[in-house]
Novice: 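One structure coming up, written as structure tokens, with questions to follow.
Along the sequence shown, residues carry numbers from 1. Read the numbers this way: they start at 1 and go in the same order the structure lists the ligands and their atoms. Predicted, not measured: the structure shown is a model, and the values here were computed from it. Just so you know, these numbers use all the heavy atoms, side chains as well, and skip hydrogens, waters and symmetry mates.
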Amino acid sequence: MVTTVKLAVIPGDGIGPEVVAEALKALDAATVDSGIEFDRTEFQLGAARYLETGDVLTDDDLAAIKSHDAILLGAVGGVPGDPRLVGANIERGLLLKLRFDLDHYVNLRPSVLYEGVRSPLAEPGDVDFVVVREGTEGPYVGNGGAIRTGTPAEVANEVSVNTAYGVERVVRYAFALAASRPRQKLTLVHKTNVLVFAGSLWKRTVDRVAEEYPEVTVDYLHVDAATIFLVTDPGRFDVIVTDNLFGDILTDLAGAISGGIGLAASGNINPDGTFPSMFEPVHGSAPDIAGKGIADPTAAIGSVALLLRHLGEAEAAERVERAIAADVAERGDRPRSTSEIGDQIAARIQALQPAHS
Ligand SMILES: NC(=O)C1=CN([C@@H]2O[C@H](COP(=O)(O)OP(=O)(O)OC[C@H]3O[C@@H](n4cnc5c(N)ncnc54)[C@H](O)[C@@H]3O)[C@@H](O)[C@H]2O)C=CC1
Ligand SMILES: CC(C)CC(=O)C(=O)O
Ligand SMILES: [Mg+2]
């Protein structure tokens with residue numbers, strides 16, 4: 001019997017469509033002759049659509065996306081500072097709206113330094129950790145405003161929202177993940193010394209849930225110190241749990257130390273299964289390299305592995321991951337185009353036969 005998965009594909013802007021095309025090659029290669037097939041619908045959303053039509057995300061778009069089983073997204077957003085996009089709020093009105101409305105409260109961002117990949121760190125050691133970034137709260141919720149805008153007396157607020165409900169559910173997810181990994185370690189990253197109200201809620205929640213996981217070693221770092229240790233001793237991290245803003249920043253750094261942002265995959269997960277989860281590279285639309293065919297599609301392909309694992313297709317996910325590991329191990333300094341990398345990873349995926357065949 002073949003299971004059909006309804007997949008919403010949002011290529012987006014800049015390098016988004018370039019890397020999504022390669023991710024779809026990997027998805028096809030991983031699921032050829034398998035028990036799963038993808039019924040794909042493409043949604044043209046992002047800065048380009050906004051400039052053409054004035055729409056960011058209509059109610060019809062949202063309803064249609066919700067009717068799918070999963071989402072694959074490239075990246076959205078134009079050139080930072082483009083005056084035509086001021087006020088359009090593509091990131092908040094599209095990307096964050098999807099994450100919030102589809103209750104993607106876990107933003108899962110693994111970092112592995114694959115063998116053969118060069119890190120900018122002289123002695124990176126064993127880099128293998130996962131950032132569990134809260135995805136629906138924090139300073140990204142749009143709880144703010146400004147007065148006297150444009151005058152010397154302007155005041156702008158952007159208030160971070162942290163609820164007991166929201167913090168507890170992501171902390172519980174992070175503990176369960178830590179308990180399932182060999183090193184069983186969880187690090188809370190926050191700024192409890194200054195952000196005392198939110199910090200206290202996060203710390204108390206971690207301490208309380210920790211009592212249910214005696215096998216998990218719990219550590220705490222202020223976010224500024226965490227940036228030091230990510231660079232000087234990344235091997236100390238296993239699972240990091242943190243808020244939306246800190247997680248956003250730390251995962252670009254994590255991508256950089258693990259060989260580059262072009263390798264960093266992510267999943268916006270709704271663990272309850274009420275809404276479709278969304279898989280995307282950590283990076284943005286990279287307008288500086290868009291259209292040149294030089295974007296690294298590995299992060300988007302890695303996001304396909306996360307998608308497959310989320311759908312319960314562990315064997316196919318593993319083949320994608322093994323193909324990526326084999327590809328990056330042999331990269332060296334040889335320049336390859338986006339499509340060359342995608343073709344070669346897809347060929348490796350196909351060559352790795354399923355264990356049962
Ligand atoms: N999930 C999303 O859709 C995200 C969207 N954005 C949006 O993307 C636009 C550009 O944002 P930036 O801050 O410049 O971040 P960015 O991640 O797009 O680019 C930062 C740097 O990394 C490089 N880079 C990114 N992905 C790469 C890849 N796959 N291969 C090789 N190099 C890569 C870029 O060339 C650039 O030099 C903005 O409009 C921003 O709001 C930013 C982050 C995430
Ligand atoms: C709109 C931003 C929150 C996107 C981003 O930078 C991210 O999710 O990493
Ligand atoms: Mg980011």
Novice: How far does CD1 of Ile240 sit from CG of Leu230, to the nearest 0.5 angstrom?
Specialist: 5.0 Å

Novice: Considering only N, O or S atoms, which atom of Asp248 is nearest to the Mg ion (ligand 3)?
Specialist: OD1

Novice: Protein heavy atoms near atom 2 (C) of ligand 1, is at least one of them under 4.0 angstrom away?
Specialist: yes

Novice: For atom 38 (C) of ligand 1, is the nearest protein heavy atom closer than 4.0 Å?
Specialist: yes

Novice: I need the Asp252 CG to Ile257 CD1 distance, nearest 0.5 Å.
Specialist: 12.0 Å

Novice: Working to the nearest 0.5 angstrom, can you tell me the gap between Tyr140 OH and Glu134 CD?
Specialist: 11.5 Å

Novice: Nearest protein heavy-atom contact for atom 9 (C) of ligand 1: which residue, which atom, what distance?
Specialist: Ser285 OG, 3.2 Å

Novice: With only distance considered, is Gly74 within less than 3.5 Å of ligand 1 through an N or O on each side?
Specialist: no

Novice: Considering only heavy atoms of Arg133, which atoms of ligand 2 have at least one such atom less than 4.0 Å away?
Specialist: 3 (C), 7 (C), 8 (O), 9 (O)

Novice: Out of Val76, Thr298, Ile341, Asp82, who gets a non-hydrogen atom closest to atom 7 (C) of ligand 1?
Specialist: Val76

Novice: Ignoring hydrogens and angles, tell me if any N or O in the side chain of Gln184 forms a donor-acceptor pair with the backbone of Ala178 under 3.5 Å.
Specialist: no

Novice: Which option, Ile261, Leu96, Leu263, owns the non-hydrogen atom nearest atom 33 (C) of ligand 1?
Specialist: Ile261

Novice: Going from NE2 on His68 to OG1 on Thr41, what distance comes out if it is rounded to the nearest 0.5 angstrom?
Specialist: 3.0 Å

Novice: Which of the atoms in ligand 2, numbered in the order shown and given with their element, are less than 4.0 Å from a heavy-atom of Glu91?
Specialist: 1 (C)

Novice: Should the proximity of Leu95 to ligand 1, defined as any heavy atom under 4.0 Å, be assigned to the side chain, the backbone, both, or neither?
Specialist: side chain

Novice: Under 30°, 30 to 60°, or over 60°: which ring-plane class applies to His190 and Phe246, parallel, tilted or perpendicular?
Specialist: perpendicular

Novice: Out of Gly77, Gly284, Gly255, Pro287, whose heavy atom sits nearest atom 10 (C) of ligand 1?
Specialist: Pro287

Novice: Identify, by atom number and element, the atoms of ligand 1 in contact range of Gly78, meaning under 4.0 Å from any of its heavy atoms.
Specialist: 9 (C), 38 (C), 39 (O)

Novice: Looking only at protein heavy atoms, which one is nearest to atom 40 (C) of ligand 1, and what is the separation?
Specialist: Glu91 OE2, 3.4 Å

Novice: When you look for heavy atoms under 4.0 Å from ligand 1, do you find them on the side chain of Ile15, its backbone, both, or neither?
Specialist: side chain

Novice: Do you know which of Arg133, Arg99, His104, Arg109 makes side chain to side chain donor-acceptor pair (under 3.5 Å) with Asn268?
Specialist: Arg99

Novice: If you have a sec, work out which protein heavy atom is nearest atom 21 (C) of ligand 1 and how many Å separate them, to one decimal?
Specialist: Asp288 OD2, 4.7 Å

Novice: For Ala210 versus Val218, what's the shortest heavy-atom pair and its separation?
Specialist: CB-CG2, 4.0 Å

Novice: Can a donor-acceptor pair be found, under 3.5 Å and without considering hydrogens, that links the side chain of Asn244 to the backbone of Gly138?
Specialist: no

Novice: Closest approach of Ile345 and Ala323, non-hydrogen atoms and distance?
Specialist: O-CB, 3.8 Å

Novice: Give the residue, atom name and distance (to 0.1 Å) of the protein heavy atom nearest atom 32 (N) of ligand 1.
Specialist: Ile289 CD1, 3.6 Å

Novice: Can you tell me the protein heavy atom closest to atom 18 (O) of ligand 1 and the distance?
Specialist: Ala286 N, 2.8 Å

Novice: Which residue holds the protein heavy atom closest to atom 28 (C) of ligand 1, what is that atom called, and what is the gap in Å?
Specialist: Asp296 N, 3.7 Å

Novice: What protein heavy atom lies closest to atom 4 (C) of ligand 2? Include the residue and the distance to one decimal.
Specialist: Leu95 CD2, 3.6 Å

Novice: Using every non-hydrogen atom in the two residues, find where Val56 and Leu45 come nearest and quote the distance to one decimal.
Specialist: O-CD2, 3.7 Å

Novice: With a 4.0 Å cut-off on N to O distance, would you call Asp219 and Arg236 a salt bridge?
Specialist: yes

Novice: With a cut-off of 4.0 Å, which atoms of ligand 1 are near a heavy atom of Ala75?
Specialist: 3 (O)

Novice: To which protein heavy atom is atom 6 (O) of ligand 2 closest, and what is the distance rounded to 0.1 Å?
Specialist: Asp248 OD1, 3.2 Å

Novice: Are any of the side-chain nitrogens in Asp61 or Arg49 under 4.0 Å away from the carboxylate oxygens of its partner?
Specialist: yes

Novice: Do ligand 1 and Ala295 have nitrogen or oxygen atoms that lie under 3.5 Å from each other?
Specialist: no

Novice: For Glu280, is the nearest heavy atom under 4.0 Å from an atom of ligand 2?
Specialist: no

Novice: Between Pro80 and ligand 1, does any nitrogen or oxygen pair lie at a separation below 3.5 Å?
Specialist: no

Novice: Run the numbers for me: atoms of ligand 1, each under 4.0 Å from some heavy atom of Gly262, listed by number.
Specialist: 28 (C), 29 (N)

Novice: If you take all heavy atoms of Leu263 and Val328, which pair is closest and at what distance?
Specialist: CD2-CG1, 4.1 Å

Novice: Has ligand 2 got any nitrogen or oxygen that is less than 3.5 angstrom from a nitrogen or oxygen of Arg109?
Specialist: yes

Novice: First locate atom CD1 of Ile15, then atom OG of Ser285, and finally report the distance between them rounded to the nearest 0.5 Å.
Specialist: 7.5 Å

Novice: Could you check whether Asp343 pairs with Arg336 (Lys NZ or Arg NE/NH1/NH2 to Asp/Glu carboxylate O, under 4.0 Å)?
Specialist: no

Novice: Give yes or no for whether the N/O distance cutoff of 3.5 Å, strictly under, is met between Tyr140 and ligand 2.
Specialist: no

Novice: Output yes when a protein non-hydrogen atom is found under 4.0 Å of atom 13 (O) of ligand 1, and no otherwise.
Specialist: no

Novice: If I apply the N/O under 3.5 Å rule, does Arg99 come out as touching ligand 2?
Specialist: yes

Novice: State whether Glu330 and Arg348 are salt-bridged, where the test is any N-O pair (Lys NZ or Arg NE/NH1/NH2 against Asp/Glu carboxylate O) under 4.0 Å.
Specialist: yes

